[in-house]
Amino acid sequence: LGREIIGHYLLGSDIIRIETKERIDLETRSVVKATVASLIGLEIVEEHHSQIVLQCLLDPSGFPPEKILRRNYSIVAGMQRDALTSFIAVDPHLAKSVIARDDENNRLYFLLVRILRTIIQNPQLGEKFGLTTLDCLDYRLAASIVETMGDACVQAAAKTFELKSAKPPENLKRLLSDLQTVCYEAHEQALKSFINKDIVSAESVRQMSEKTRTLSAKIEKAAQEQLLENLPQTLAITAFLKQIYEHSVDLADLVI
């Protein structure tokens, strides 16, 4: 039922009715309310014993895709930074904060997909935003990449909960921080190049690959040489950072 509601929301439905022949039970109502809470602009406008009516109250003209994408990216960028900080400091509270922020990441992603579908169906709205159908396709792919980055951040933050009490040694902290800095610069540059359609800037993202490979190799070597207690977790979070970098390359490649 939750997926059905999300599907109709993404397709641009303004009214969604949930009807049963008998009474709607509490479990079903809970599913509906939880799903509604995950979708921006969707509200319960009627609720009876056998029917729930949902309505999307958004005015699409008030939500430029570029603005939504920038906001979504801002959340994910903060998640990436804090995911590594929580790991280095062995801070489970910060890790929980990263995971909680993924809900807003998903909400904005769903909203952007809905708006893009609406624009494709309404060329006049596309003219207002200065977007062609092809632009909408690129934005759809960009939105998916940013949302996937957020998922990688959640997986990285989850590694904090697996850590023993010992914090990484200083040299490993430094190497992890250096890798994060490169990854952060990569996706920041990728988004700017996508928004500005700057091919030269987009190409510079791919040129950072050597740095990421070198730093990753140094982290793996240092962790293994020091017989690190948290070796599997350290290798895992390194892999997630590399994954985020690869997503940045995918985003930049949309420009090229």
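All heavy atoms count here, side chains included; hydrogens, waters and symmetry mates do not. Predicted model only: the values in this text are computed from it and were never measured.
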query: What distance separates Ile24 CD1 from Arg29 CZ, expressed to the nearest 0.5 Å?
result: 5.0 Å
field: Asn105 versus Asp102, side-chain donor and acceptor atoms under 3.5 Å
entry: yes
task: Assess the side chains of Asp25 and Thr28: does a donor N or O sit below 3.5 Å from an acceptor N or O?
output: yes
- prompt: At their closest point, which heavy atom of Leu131 faces which heavy atom of Pro65, and how far apart are they?
  reply: CD1-CG, 3.5 Å
task: Taking atom NZ of Lys173 as the centre, report whether more than 12 heavy atoms of other residues, nucleotides or ligands fall under 6.0 Å from it.
output: yes
message: I'd like to know if the side chain of Tyr9 and the backbone of Glu4 have a donor-acceptor N/O pair within less than 3.5 Å.
response: no
message: Under the criterion side-chain contact (heavy atoms from CB on, under 4.5 Å), I'd like the reasoning laid out for Leu54 against Val45: C-alpha separation, chi angles, the key distance, then a yes or no.
response: CA-CA 6 Å; Leu54 313 178; Val45 293; over 6 Å; no
field: Nearest atoms (heavy-atom pairs only) where Ser201 meets Gln189
entry: OG-NE2, 2.5 Å
query: Is Ile244 close to Gln80 at the side-chain level, that is, under 4.5 Å between some pair of heavy atoms?
result: yes
task: Kindly say whether Leu112 contributes a backbone atom to a donor-acceptor pair with the side chain of Arg117 at under 3.5 angstrom?
output: no
- prompt: Do other residues, nucleotides or ligands put more than 12 heavy atoms under 6.0 Å from Glu162 CD?
  reply: yes
Ion pair check, Arg206 and Asp253, cut-off under 4.0 Å: yes
query: Are any of the side-chain heavy atoms of Ile88 and Leu84 separated by less than 4.5 Å?
result: yes
message: Could you see if Leu141 belongs to whatever hydrophobic cluster contains Val76? Use Ile, Leu, Val, Met, Phe, Trp, Tyr and a side-chain cutoff under 4.5 Å.
response: yes
query: Can you name the closest pair of heavy atoms from Pro92 and Val90 and give their distance?
result: CD-O, 3.3 Å
message: In the structure I gave you, are the side-chain heavy atoms of Gln155 and Gln243 within less than 4.5 Å of one another anywhere?
response: yes
- prompt: In terms of hydrophobic clusters joined by side-chain contacts under 4.5 Å, are Val98 and Tyr184 together?
  reply: no
query: Does Arg114 pair with Asp14 as a salt bridge, N-O distance under 4.0 Å?
result: yes
field: Side chain proximity check, Leu42 to Phe110, heavy atoms < 4.5 angstrom
entry: no
task: Look at atom CD of Glu19 and say whether more than 12 heavy atoms of other residues, nucleotides or ligands are closer to it than 6.0 Å.
output: yes
query: Nearest 0.5 Å, what's the NE2-CD distance between His48 and Glu46?
result: 4.5 Å
- prompt: Just how far is it from atom CD1 of Ile119 to atom OG1 of Thr133, taken to the nearest 0.5 Å?
  reply: 9.5 Å
- prompt: So if you build clusters from Ile, Leu, Val, Met, Phe, Trp, Tyr with side-chain heavy-atom gaps below 4.5 Å, do Leu69 and Ile145 land together?
  reply: yes
message: Per the ring pair (Phe, Tyr, Trp, His ring centres under 6.0 Å) rule, what does the pair list look like for residues 62-95, sequence neighbours excluded?
response: Tyr73-His187
- request: Would you mind checking if Lys96 and Asp91 are paired as a salt bridge, meaning a charged N to carboxylate O distance below 4.0 Å?
  value: no
field: Beyond-backbone contact of Val249 with Leu251, side-chain heavy atoms, under 4.5 angstrom
entry: no
query: Do Glu210 and Thr214 have side chains that get closer than 4.5 Å, going by heavy atoms?
result: yes
message: side-chain contact (heavy atoms from CB on, under 4.5 Å) for Asp135 and Arg140? Distances and angles first, verdict last.
response: CA-CA 9 Å; Asp135 290 331; Arg140 174 68 179 82; over 6 Å; no
- prompt: Which heavy atom in Cys136 sits nearest to a heavy atom in Leu116, and how many Å separate them?
  reply: O-CD1, 3.9 Å
message: Could you check whether Ser86 and Thr160, counting side-chain N and O atoms only, form a donor-acceptor pair closer than 3.5 Å?
response: yes
Charged N-O contact under 4.0 Å between Arg70 and Glu66: yes
message: Run Gln51 and Ile18 through side-chain contact (heavy atoms from CB on, under 4.5 Å) and show every step you take.
response: CA-CA 6 Å; Gln51 183 186 75; Ile18 296 100; over 6 Å; no
pair Ile256-Glu203: side-chain heavy atoms closer than 4.5 Å: yes
- request: Please check if Leu125 and Ile68 belong to a single hydrophobic cluster, counting links between Ile, Leu, Val, Met, Phe, Trp and Tyr side chain heavy atoms closer than 4.5 Å.
  value: yes
task: With the side chain counted from C-beta on, respond yes when Ser50 and Arg23 share a heavy-atom pair under 4.5 Å apart, and no when they do not.
output: no
query: Would Ser30 and Glu27 count as a side-chain contact (heavy atoms from CB on, under 4.5 Å) if you check the C-alpha gap in whole Å, the side-chain angles of each, and the deciding distance to 0.1 Å?
result: CA-CA 5 Å; Ser30 296; Glu27 184 180 357; 5.7 Å; no
- prompt: Are Arg101 and Asp82 close enough for a salt bridge, meaning some N to O gap below 4.0 Å?
  reply: yes
- request: Ignoring hydrogens and angles, tell me if any N or O in the side chain of Ser13 forms a donor-acceptor pair with the backbone of Ile16 under 3.5 Å.
  value: no
- prompt: Under the 3.5 angstrom rule, does the side chain of Asn196 hit a backbone N or O of Asp198 as a donor-acceptor pair?
  reply: no
- line: Rounded to the nearest 0.5 Å, the OH atom of Tyr139 sits from the CD1 atom of Ile195 at a distance of 4.0 Å
message: Rounded to the nearest 0.5 Å, what separates atom CZ in Arg3 from atom CD1 in Ile5?
response: 11.5 Å
query: Hey, any chance Phe194 and Met208 share a hydrophobic cluster, counting ILVMFWY side chains that come within less than 4.5 Å of each other, even indirectly?
result: no
message: Is it the case that the side chain of Tyr245 and the backbone of Val205 share a donor-acceptor pair, with hydrogens and angles ignored and the cut-off at 3.5 Å?
response: yes
field: Residue pair Cys153 / Ala83: nearest heavy atoms and the distance that separates them
entry: O-CB, 3.8 Å
message: Is it the case that over 12 heavy atoms from other parts of the model lie below 6.0 angstrom from the CG atom of Leu57?
response: yes
message: Could you tell me if Glu220 and Thr238 have a donor-acceptor pair between their side chains, going purely by distance under 3.5 Å?
response: no
query: For Gly2 and Val31, which heavy atoms make the closest approach, and how far apart are they?
result: N-CG1, 4.0 Å
- prompt: Is the backbone N or O of Thr212 less than 3.5 Å from a side-chain atom of Lys242, with the two atoms forming a donor-acceptor pair by type?
  reply: no
query: Quick one: CG on Leu111 to CG on Leu58, what's the gap to the nearest 0.5 Å?
result: 6.0 Å
